[in-house]
Amino acid sequence: MKKLIALFIVIVMSVTFVACSNNTEEAGNKATDETATNTPVENEDVNMTIAVNAEIISLDPHDISDTLSGSATSTMYESLYDYKLDMSLEPVLATGYDVSEDGLEYTFYIREGVTFHDGTPLNAEAVKYNFDRVSNKEKNLKRRRNLLHVVSTEVIDEYTLLVKLDAPFAPMLNRIASIKIISPAALEKYGDKGIITNPVGTGPYVFEEWTPGDKMVVRTNENYWREGPKIDTLTFKPVTENGARIAMLQTGDADFIYPMPTEQVKAVEGDKNIEVIEGPSTIARFTFLNMSKEIFSDVRVRQAINYAIDKKAYAKVVKSGYAVPLTSHVPSTITYHVAQPEYEYNLEKAKKLMAEAGYPNGFKTHIWAPNDTENMKGMQFISQQLSKIGIEVEVVPMEEGTLSDSIYKAKTPEESTVNMWYVSWSAFDFDGATAKLFHSANIPPTAPNVSYYMNPKADELIEAGAIEVDPEKRAKIYAELQEIIWNDAPWIFLGSDVLLSAKRSTTEGIFVDPSGGIIATQAATSK
Amino acid sequence: MSEKLLEVKNLRTEFHTDKGKLVAVNDVSFYVGKEEIVGLVGESGSGKSVTSLSVLRLLPEQGNISAGEVLLEGKDLLKMNKKDIRNIRGGDIAMIFQDPMSSLNPVLRVGEQIMECTKLHLKYNNSQARKHAIDMIKRVGIPVPEDVMNRYPHQLSGGMSQRIMIAMAMSCNPKVLIADEPTTALDVTIQAQVMELMLELKEKNKIGILLITHDLGVVAEMCNRVMVMYCGRIVEMADVFSLFKNPLHPYTKGLIASVPKIGKNADVLPYIAGRVPDLSQMPKGCKFAPRCSEAMEKCYKEEPKLTNIDGNRQCRCHLIRERSEINE
Amino acid sequence: MEEVKMQEAKYEDFKIENPMKEFARKFLKKKSAVVSLGFIFFLVILAIFQPAPYDIDETDYDNILSEPNSEHLFGTDEYGRDVLSRIITGTRLSLSVAVTAVTIGAFLGSILGIIAGYYGGLLESLIMRFCDILFSFPGLLLAIGIVAIIGPGLTNVVIAISIYGIPTFTRVIRSSTLSIKELLYIEASRSIGVSDTRLLVKHIFPGTLPALIVTYTMRMGTAIISAASLSFLGFGASPTNPDWGAMLSTGRDYIGVAPHMLLYPGLMIFFTVLAFNLLGDGLRDTLDPKLD
Amino acid sequence: MKQYVLKRLLNIIPIMIVVSIIIFMFIHLIPGDPARIIAGQKATLEEIEIMREQLGLNDPYIVQYKNFMLGILTGDWGNSLKTGLPVWEVIIPRMKPTLILAIFSIVWSVIAGISIGVISAINRGKLIDYIVMVGASSGISLPLFWLGLMLMQIFSVKLGWFPTTGIDSLSSYVLPSITLGAGITAMIARYTRSSMIEILKENYIRTSRAKGLSEFIVINKHALRNSLVDVITIVGLQFGFLLAGSVLVETVFAIPGLGRLLIDSILFRDYTVVQTVLLIFTFQFIIINLIVDVLYGVANPKIRYQ
């Protein structure tokens with residue numbers, strides 16, 4: 001201890017001595033010393049880094065619900081079918097499927113010659129093992145919600161699997177696409193928790209390391225069954241601070257960033273090494289209007305509000321220009337989307353509707369959303385716009401947990417205290433983008449139909465659409481449904497995001513799909 | 001008259017404060033001879049401590065010696081550069097202070113603090129310094145010096161601390177020792193021991209001592225010559241016998257009268273009325289005039305000069321001047 | 001000079017300076033403190049009169065994020081609102097958040113501190129343990145925790161900052177009370193039979209004032225920074241309010257694009273906090289309370 | 001001294017019990033249903049109900065607290081609700097960055113702070129003192145996150161001297177530790193300065209000057225040793241600031257440390273992680289205070305442990 005103190009005093013003495021005797025150089029040395037130690041370890045590997053805005057929560061592909069963990073697991077795992085960039089489905093670990101006429105039996109033909117990273121082969125048995133794991137009620141895995149209609153799975157032969165449903169379910173293939181296939185041998189070996197940190201799949205990359213909260217590194221799978229990436233390793237790095245993420249791209253510490261903060265596009269515009277990539281999304285941005293509340297019970301008020309919002313200004317101010325107006329309750333990237341006549345920005349019309357509804361002088365209300373800057377910006381914008389038709393909107397940012405508590409604690413519409421909720425929703429298929437938000441059975445606390453939209457006709461169409469296996473008939477049902485919802489205006493229809501990512505100009509083969517998933521199967525770099 | 005070891009000539013020390021410039025010591029001259037103890041007496045605030053600090057140029061930042069000379073065997077300390085004066089400090093002139101407890105560094109062992117001196121001035125190495133320090137501690141009359149060496153100051157009593165201070169001061173064989181109220185903070189019995197020690201050191205080492213005190217008893221017991229200071233000026237200087245027998249200055253008289261004497265009935269102890277004036281509120285004439293029972297009109301207007309009397313004495317008083325003039 | 005001063009003290013009856021005058025004389029010598037006081041005074045003027053050139057809620061979607069120019073000296077924000085106007089108007093909010101929070105903390109903390117210092121015993125142990133526990137949750141984390149429980153928003157920020165200011169005041173006031181209690185005159189007046197309450201109000205409380213004033217000033221800076229930090233972490237003021245911290249938190253999204261949104265509110269916070277700290281330093285040197 | 005340390009260690013037990021109750025209360029007072037948050041917006045009610053049951057959230061608070069304490073005592077701290085990993089697997093990788101950041105910051109700020117304080121004290125009243133002290137006040141007055149962003153903008157983005165974020169090399173820690181240490185440096189500098197000014201008035205400093213010691217030795221040996229005794233306490237108190245500051249700095253520089261983990265876990269209602277991190281924070285805070293007290297005793301021989 002004494003020695004420590006002595007050493008310490010010596011250091012301080014020398015510093016004061018230097019400072020006393022020579023007052024020109026005080027600081028500055030430290031910096032150069034530190035950079036000297038910063039010589040990167042020579043590494044033969046070609047690595048690419050993707051900086052993302054959140055942390056990877058888990059690497060168990062069956063027990064995640066966030067997009068980013070989905071992207072991360074997608075580097076190592078694959079499913080029977082998967083989405084292409086245009087949101088259509090293509091066979092991956094399956095080669096095809098049949099569906100029985102009653103829509104209750106699906107037969108999947110599994111791709112031959114594919115092996116897991118641990119060397120075990122992919123076959124029908126392995127897929128069954130995975131489906132059974134996901135369906136297990138005891139395990140309560142997050143993906144189970146996608147297989148609720150599955151009653152049983154049967155192995156027909158080595159590469160054929162039969163899946164039986166309890167009721168016809170039109171988006172079944174979309175749900176199957178969400179189930180990634182894990183090596184059964186690895187699951188046996190590591191267990192349900194151990195698999196989180198020891199992923200073994202069939203994907204283009206093999207797991208290398210993951211520090212929860214920090215980066216995940218994967219290495220190119222040499223034995224990938226199709227053409228894979230042209231790099232050695234790929235790193236996912238969570239960088240929550242927007243400015244920091246861009247700085248990484250500017251300095252070359254990152255090869256690809258997602259999301260590219262919309263506000264910052266101008267900042268990188270002049271940089272030749274950086275390309276900003278725009279893409280459509282499945283994300284709808286809107287505001288629930290709680291129809292069980294007196295003020296929003298009149299359709300004219302809800303329409304007036306929609307007329308009073310300048311959607312172009314919304315895109316410009318809130319999304320820095322990177323949003324397109326919503327033309328239905330689902331974004332145009334969702335199959336069966338039909339564009340509806342626009343609620344154009346028309347204050348006169350809005351005021352007239354308000355007056356007709358008995359609110360010539362408007363009313364007071366409040367809007368809720370999480371307390372991050374982006375959501376707060378959206379809320380403020382709505383508040384500013386509605387003030388022009390006399391509606392005084394108090395902006396109430398809430399911490400996310402509190403917000404969900406405040407919304408779901410209401411057992412009945414009468415108990416609900418929410419007035420407006422500024423929110424976004426993203427789904428892969430029409431049913432996913434509709435049922436939970438508009439079916440009368442899905443009002444809180446069951447699900448987020450926070451508009452308390454209860455229209456029997458809409459309920460009927462939602463149910464019919466879900467079991468209609470014929471695409472044409474389905475399209476008709478959904479076209480009618482969209483028109484009804486649009487005219488009832490249970491939401492303020494604001495916009496659909498344009499997804500922004502940015503890459504170094506050397507980066508190739510990394511894409512963001514409309515759901516926000518990062519696809520790096522073909523990653524390559526010329527750096 | 002013995003050889004002048006340390007001589008102070010016309011010393012003037014000023015302080016720069018937020019109330020302006022204050023003269024703490026004005027035109028002070030005296031000397032200390034070999035094997036001599038010179039007393040410097042006065043109330044608190046009379047400038048005696050400032051005088052002693054001025055000698056070694058140890059004044060706090062705001063203090064400044066604006067005139068005079070301090071000669072050690074003829075060399076002017078005030079003209080030396082910083083390095084040379086440091087060689088004098090603790091070397092040829094050592095100093096001990098009023099409050100021994102606070103004058104030792106609380107976080108350093110006693111031995112270390114003594115050894116520091118000899119290592120610096122006599123260039124001793126560690127073991128030489130250690131041996132010498134133990135020797136010095138023994139000489140100031142502390143048993144088990146080895147044990148004391150390893151103690152921290154707070155583990156010592158007041159008397160022991162002052163002995164250590166003396167040991168430290170004496171460890172480099174100084175020619176002059178300046179002792180600023182060395183016994184004030186100590187118990188009476190300890191006081192006597194410390195004084196005894198100083199007398200003994202004076203004899204053995206043939207040093208000159210400048211003893212600063214407000215205690216006339218101490219002066220009477222130890223000093224050869226005495227100077228009385230008031231408001232930064234020397235008001236009277238005499239050998240110790242003459243001073244006590246026949247004080248000239250009214251202030252000196254007052255001081256001597258206010259010392260309680262055993263045997264006399266002291267129902268009412270005489271004291272000097274009033275207080276030492278603030279340095280920033282100095283009266284114009286004689287600084288003592290406001291408190292002086294014999295003050296005349298002249299005393300309020302004109303400051304008296306220090307006058308030689310009987311060859312060996314000096315006094316700063318209009319009365320004395322007049323008398324001596326009459327005598328002449 | 002110190003020795004001389006010490007000795008002087010015994011002879012002070014030549015002239016006793018009026019304490020206010022003496023305070024003023026000493027304080028005026030602290031140039032940085034005087035400048036700071038001037039700046040704070042300026043802020044208070046801004047807060048009261050709010051001489052904002054533009055309506056702070058006036059949006060201009062065609063003129064968003066424009067750089068500082070002759071029309072908008074500090075540029076415009078993401079809705080095209082005038083940044084300078086929002087900063088000026090925000091003065092009231094930022095100052096009142098800090099003042100309220102620190103006042104509540106000071107009030108509760110002082111009461112606890114005086115009680116602990118004066119009565120001692122079990123009460124003191126209880127109060128001081130309470131403070132230890134509050135202190136064992138480091139700094140801002142306590143405020144974050146409190147806001148996490150009671151939700152974000154200005155009122156709650158005020159509550160959180162008040163609570164986490166309490167132990168600081170309790171400790172300072174307690175030790176100040178203790179040292180005053182030791183003073184003879186308290187002993188004397190107690191022996192005459194003055195009631196405890198009177199003693200506390202008439203003698204002890206005024207004695208703790210210097211420590212209180214200095215700590216209060218210093219805490220103002222801490223409170224402003226804490227409020228801004230809470231806003232930065234998303235626990236703070238509503239974005240509709242022109243709160244400096246909230247502006248900063250929005251502004252950081254535009255770093256690189258519209259640095260003025262980050263720079264000016266940041267500088268404003270910095271200068272304000274600096275002013276309070278320098279003023280606190282000056283007051284401490286002048287009032288010379290015993291702080292531990 | 002051994003007895004004293006032992007006594008202080010024993011004292012930690014009741015404090016930690018109270019702290020654990022407070023933490024438990026804190027966690028359950030925060031509104032928000034972890035089951036719903038973890039399950040996500042698209043979860044079914046049944047899924048949420050099963051999760052709630054599995055997490056024991058339907059049990060009475062007393063039972064939950066009992067299980068929580070039993071778990072801690074038996075070494076089973078539970079699994080992170082968010083990732084499903086055992087909490088320690090989540091926490092341990094997060095400790096290293098925070099620790100390195102804290103050590104870097106404290107070391108540089110102690111060295112710089114004391115040096116600045118000493119220089120300022122010995123030049124009291126001069127221009128350099130004035131500049132240094134206004135600089136130190138500025139250090140305290142800067143919002144941490146703002147300073148971090150500005151430094152990053154200048155030194156990483158514009159000049160490219162340091163990596164912007166992350167913890168890939170030691171140089172990644174330079175800007176974060178400067179940011180985190182700035183305030184502490186300023187605090188220490190101010191404290192050292194005032195302590196030095198007081199100490200330089202002490203009698204023993206006059207003694208050491210009267211011994212003929214050079215000003216350098218007087219300052220660095222005699223004065224500094226004494227001032228360190230005071231400064232140690234202040235350094236100890238700064239650890240609280242350090243922990244809180246690390247939350248902000250880790251956010252700005254994307255350092256996967258404990259502070260960031262805590263905030264994320266609170267937002268996610270990952271109770272098991274929140275309670276463990278809070279216990280670690282308070283425990284280390286208490287331990288550091290104990291170490292500081294002991295150090296104080298070592299540096300200051302006057303203190304005797306009773």
Side-chain angles (χ1 to χ4, degrees), chain C residues 1-3 31-32 36 129 132-146 148-151 164 218 221-222 224-229 231-235 244-245 248-249 251-252 255-256 259 262-263 265-267 269-278 280-281 284-285 292, chain D residues 14-16 18-19 22-23 25-32 130 133-134 136-138 140-147 149-150 152-153 157 183 186 190 194 201 203 206 233 237-248 251-252 259 262-263 266-267 274 278 281-286 289:
Chain C
M1 187 60 210
E2 298 319 312
E3 296 96 297
K31 289 197 187 60
S32 51
S36 301
R129 281 303 83 74
D132 285 349
I133 286 166
L134 280 187
F135 263 128
S136 64
F137 294 96
L140 190 63
L141 287 188
L142 188 64
I144 293 173
I146 296 167
I149 293 174
I150 56 185
Y164 114 84
M218 296 291 203
T222 320
I224 291 171
I225 290 208
S226 306
S229 302
S231 290
F232 178 77
L233 290 171
F235 294 103
W244 296 339
L248 213 51
S249 143
R252 94 191 131 123
I255 189 174
L262 193 60
L263 187 66
L267 283 179
I269 293 177
F270 168 53
F271 283 127
T272 309
V273 176
L274 182 63
F276 278 109
N277 283 340
L278 290 176
D281 283 350
R284 186 186 50 204
D285 292 351
D292 49 14
Chain D
I15 293 182
M16 285 313 285
V18 177
V19 163
I22 292 177
I23 290 174
M25 275 165 45
F26 163 72
I27 287 171
H28 291 275
L29 276 173
I30 304 183
Y130 200 75
M133 281 347 275
V134 170
S137 293
S138 309
I140 300 171
S141 312
L142 280 168
L144 258 188
F145 52 93
W146 191 66
L147 175 66
L149 287 169
M150 291 287 159
M152 187 197 289
Q153 195 66 16
V157 179
R190 286 159 58 107
S194 62
K201 290 176 192 164
N203 287 340
R206 196 177 55 189
T233 340
L237 288 178
Q238 292 314 307
F239 267 90
F241 180 85
L242 204 70
L243 290 177
S246 68
V247 174
L248 292 165
T251 304
V252 172
L262 178 66
I263 295 294
I266 290 177
L267 292 180
V274 173
L278 279 179
F281 268 18
T282 43
F283 185 70
Q284 82 189 44
F285 195 63
I286 291 168
N289 275 330

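Here the structure is a predicted model, which means the values were calculated and not measured. Throughout, a chain's letter reflects where its sequence line sits, starting with A, and its residues are numbered from 1.
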S.K.: Could you give the distance from CE (D:Met133) to CG (C:Asp281), rounded to the nearest 0.5 Å?
M.R.: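 The CE atom of D:Met133 sits 7.5 Å away from the CG atom of C:Asp281.
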
S.K.: What part of D:Tyr130 lies closer than 4.5 angstrom to a heavy atom of chain C: side chain, backbone, both or neither?
M.R.: side chain

S.K.: Not counting sequence neighbours, which residues clear ring pair (Phe, Tyr, Trp, His ring centres under 6.0 Å) with C:Phe276? List them please.
M.R.: none

S.K.: Please classify the contact between D:Leu142 and chain C as side chain, backbone, both or neither, with a heavy-atom cut-off of under 4.5 Å.
M.R.: both

S.K.: Please report the shortest heavy-atom distance between D:Val134 and C:Leu274, naming the atom on each side.
M.R.: O-CD1, 4.3 Å

S.K.: Can you tell me which of C:Leu267, C:Ile269, C:Ile146 forms the most heavy-atom pairs within a distance under 4.5 Å of chain D?
M.R.: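 Sorted descending by pairs with chain D, the first entry is C:Leu267.
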
S.K.: Not counting sequence neighbours, which residues clear side-chain hydrogen bond (donor to acceptor under 3.5 Å, both in side chains) with C:Ser226? List them please.
M.R.: C:Tyr164

S.K.: Side chain, backbone, both or neither: which part of D:Thr251 has an atom under 4.5 Å from a heavy atom of chain C?
M.R.: side chain

S.K.: CG of C:Leu263 to CG of D:Leu149: how many Å apart, nearest 0.5 Å?
M.R.: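 Going from the CG atom of C:Leu263 to the CG atom of D:Leu149 covers 12.0 Å.
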
S.K.: Between D:Phe145 and C:Ile225, does a side-chain contact (heavy atoms from CB on, under 4.5 Å) hold up when you go through it step by step?
M.R.: CA-CA 10 Å; D:Phe145 52 93; C:Ile225 290 208; 5.9 Å; no

S.K.: Restricting to non-hydrogen atoms, name the atom on C:Leu248 and the atom on D:Trp146 that form the minimum distance, rounded to 0.1 Å.
M.R.: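 Where C:Leu248 meets D:Trp146 most closely, the heavy atoms are CD1-CD1, 3.8 Å.
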
S.K.: What part of C:Ile224 is in contact with chain D, defined as an atom under 4.5 angstrom from a non-hydrogen atom: side chain, backbone, both or neither?
M.R.: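 Neither part.
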
S.K.: Hey, could you give me the CG/OG distance between C:Asn277 and D:Ser137, rounded to the nearest 0.5 Å?
M.R.: 6.0 Å

S.K.: Chain C heavy atoms under 4.5 Å from D:Leu147: which part of the residue, side chain, backbone, both or neither?
M.R.: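 Neither part, no heavy atoms under 4.5 Å.
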
S.K.: Is chain C contacted by the side chain of D:Leu144, its backbone, both, or neither, given a heavy-atom distance below 4.5 Å?
M.R.: neither

